[in-house]
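Below is one structure, written out as structure tokens; the observations come after it.
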Amino acid sequence: MDNNNVALITKMVLEAIEHQKASEENGYMVPVGVSARHIHLTQEHVEALFGEGYQLTKRKELMGGQFASNETVTIVGLKLRAIENVRILGPVRSRSQVEVSATDALRLGVKAPIRESGNVEGSAAIAVVGPKGAIYLDEGCIIAKRHIHMAPKDAMAAGVHDGDIVSVKAENERGTVFNHVQIRVDDSFTLEMHIDTDEANAAKITTGDTVRIIK
């Protein structure tokens with residue numbers, strides 16, 4: 001390795017260290033994305049709801065290779081209370097999952113636990129109705145645990161690691177502090193904190209606002 005490359009790498013490392021120090025002292029700023037209720041489905045369940053061979057169609061690209069589809073469904077709680085026009089997110093998954101807010105759960109009459117996405121063991125039961133059929137999930141309805149998506153470079157700059165739990169402050173007129181915020185790091189992620197509509201309304205936050213990590 002020649003001297004020019006050594007000097008460049010040294011400069012990059014020093015800049016990363018300085019950035020991390022500044023982040024630790026002042027907090028790391030993160031944009032917010034407010035996540036509305038939505039559902040993830042297996043291909044089997046897509047076909048049960050929309051017809052044999054049906055494929056989800058893209059409405060909007062999201063981070064990590066996900067997309068909001070054009071398709072929506074109705075979700076129904078145990079007391080036959082329903083919420084219509086729940087957006088399906090693709091691509092299909094290995095297990096179906098419904099993500100709602102605490103207010104939605106009360107409206108539906110289900111006891112949805114707060115969970116990280118994908119952790120549905122022992123979660124609430126719910127029915128899903130589409131234009132061609134319906135399915136019943138013995139478990140699968142959760143309230144998503146608040147979290148921050150980060151690429152590795154953002155995690156390094158913020159001084160955090162995948163799976164870390166941090167606190168985050170919204171520095172607006174409400175001045176809300178969110179505790180128990182999980183860090184999720186992946187090369188495919190764009191920097192963004194995800195909260196649900198209940199949390200956003202309580203803290204007077206909208207998509208595009210920024211918050212500060214205050215570990």
Side-chain angles (χ1 to χ4, degrees), residues 32-149 182 184 186-190 192-202 205-208:
V32 176
V34 179
S35 181
R37 66 182 77 97
H38 60 272
I39 182 170
H40 303 277
L41 293 171
T42 65
Q43 180 58 35
E44 177 186 358
H45 285 163
V46 169
E47 294 187 31
L49 296 169
F50 292 90
E52 185 177 353
Y54 193 90
Q55 299 291 318
L56 296 176
T57 58
K58 291 183 181 180
R59 174 187 175 95
K60 181 182 178 181
E61 293 283 352
L62 304 174
M63 75 171 71
Q66 293 192 89
F67 61 88
S69 75
N70 291 300
E71 290 77 20
T72 62
V73 293
T74 297
I75 55 176
V76 185
L78 297 179
K79 296 181 181 180
L80 298 182
R81 299 172 184 167
I83 297 178
E84 300 178 332
N85 299 317
V86 178
R87 185 76 52 190
I88 302 171
L89 300 191
V92 293
R93 290 194 175 186
S94 60
R95 193 165 187 178
S96 293
Q97 170 182 301
V98 179
E99 296 182 34
V100 297
S101 69
T103 298
D104 290 337
L106 287 172
R107 177 177 168 184
L108 291 165
V110 299
K111 295 182 178 180
I114 298 172
R115 296 282 184 81
E116 182 181 0
S117 180
N119 179 10
V120 298
E121 296 293 336
S123 59
I126 197 160
V128 184
V129 180
K132 299 290 186 180
I135 59 172
Y136 178 77
L137 304 177
D138 289 320
E139 55 187 14
C141 184
I142 65 170
I143 298 169
K145 184 176 183 179
R146 59 180 75 113
H147 57 277
I148 299 175
H149 290 284
Q182 185 168 18
R184 297 171 61 181
D186 190 89
D187 288 324
S188 66
F189 288 162
T190 302
E192 192 169 65
M193 176 178 174
H194 285 176
I195 57 177
D196 65 30
T197 51
D198 281 358
E199 295 168 315
N201 290 336
I205 293 173
T206 59
T207 293

Open item on the list: For N119 and I142: C-alpha separation, side-chain torsions, deciding distance, then whether side chain to side chain contact (heavy atoms under 4.5 Å, CB included) applies.
Closed with: CA-CA 9 Å; N119 179 10; I142 65 170; over 6 Å; no

TODO: For T207 and V34, indicate whether the former's side chain and the latter's backbone hold a donor-acceptor pair under 3.5 Å.
DONE: yes

- [ ] With rounding to the nearest 0.5 Å, note down the distance linking CZ in R107 to OG in S101.
- [x] 9.5 Å

Open item on the list: What's the separation between atom OG in S69 and atom CD in Q55, rounded to the nearest 0.5 Å?
Closed with: 12.0 Å

Open item on the list: Which residue in the set D196, D104, N85 passes side-chain hydrogen bond (donor to acceptor under 3.5 Å, both in side chains) when paired with R37?
Closed with: D104

- [ ] For residues C141 and P113, report the shortest heavy-atom separation together with the two atoms involved.
- [x] O-CD, 3.6 Å

Open item on the list: Tell me whether E47 contacts the main-chain N or O of Y54 through its side chain, where contact means a donor paired with an acceptor under 3.5 Å.
Closed with: no

Open item on the list: If I take atom CD1 from residue I205 and atom OG1 from residue T197, how far apart are they, to the nearest 0.5 angstrom?
Closed with: 12.5 Å

Task: E71 side chain vs T57 backbone, donor-acceptor pair below 3.5 Å - done: yes

Open item on the list: If you define the side chain from C-beta out and look only at heavy atoms, does anything of K132 sit under 4.5 Å from E52?
Closed with: no

Open item on the list: Can you tell me how far apart CD (Q66) and CD (E61) are? Round to the nearest 0.5 Å.
Closed with: 10.5 Å

Open item on the list: Restricting to non-hydrogen atoms, name the atom on A125 and the atom on V110 that form the minimum distance, rounded to 0.1 Å.
Closed with: O-CG1, 3.7 Å

Open item on the list: Using only atom types and a distance under 3.5 Å, with no angle test, would you say the side chain of Q182 pairs donor to acceptor with the backbone of H147?
Closed with: no

TODO: Could you tell me which non-hydrogen atom of S96 sits nearest to which non-hydrogen atom of H45, and how far apart they are?
DONE: OG-ND1, 2.6 Å

TODO: Quick one: pull up CD1 in I143 and CG in D198 and give me the separation to the nearest 0.5 Å.
DONE: 8.0 Å

Task: H38 side chain vs A36 backbone, donor-acceptor pair below 3.5 Å - done: yes

TODO: Search all heavy atoms of Q43 against all heavy atoms of V92 and return the closest pair with its distance.
DONE: OE1-CG1, 3.5 Å

- [ ] Answer yes or no: is there a side-chain heavy-atom contact under 4.5 Å between I75 and V100?
- [x] yes

- [ ] Test L49 against every option in V129, V128, I39, T74 by the side chain to side chain contact (heavy atoms under 4.5 Å, CB included) rule and name the one that passes.
- [x] V128

- [ ] Show the numbers, then the answer: is there a side chain to side chain contact (heavy atoms under 4.5 Å, CB included) between I135 and L41?
- [x] CA-CA 11 Å; I135 59 172; L41 293 171; 4.2 Å; yes

Task: Separation between CD1 of I126 and CG of L108, rounded to the nearest 0.5 Å - done: 5.0 Å

- [ ] Using modelled atom types only, decide if a donor and an acceptor are shared between the side chain of T190 and the backbone of M63 within a distance under 3.5 Å.
- [x] no

Task: Closest non-hydrogen atom pair between E139 and E121, with its separation - done: OE2-OE1, 3.6 Å

Task: Shortest non-hydrogen contact from R184 toward S117 - done: NH1-CB, 4.2 Å

- [ ] Report, as yes or no, whether the 6.0 Å neighbourhood of atom CG on L78 holds more than 12 heavy atoms from other residues, nucleotides or ligands.
- [x] yes

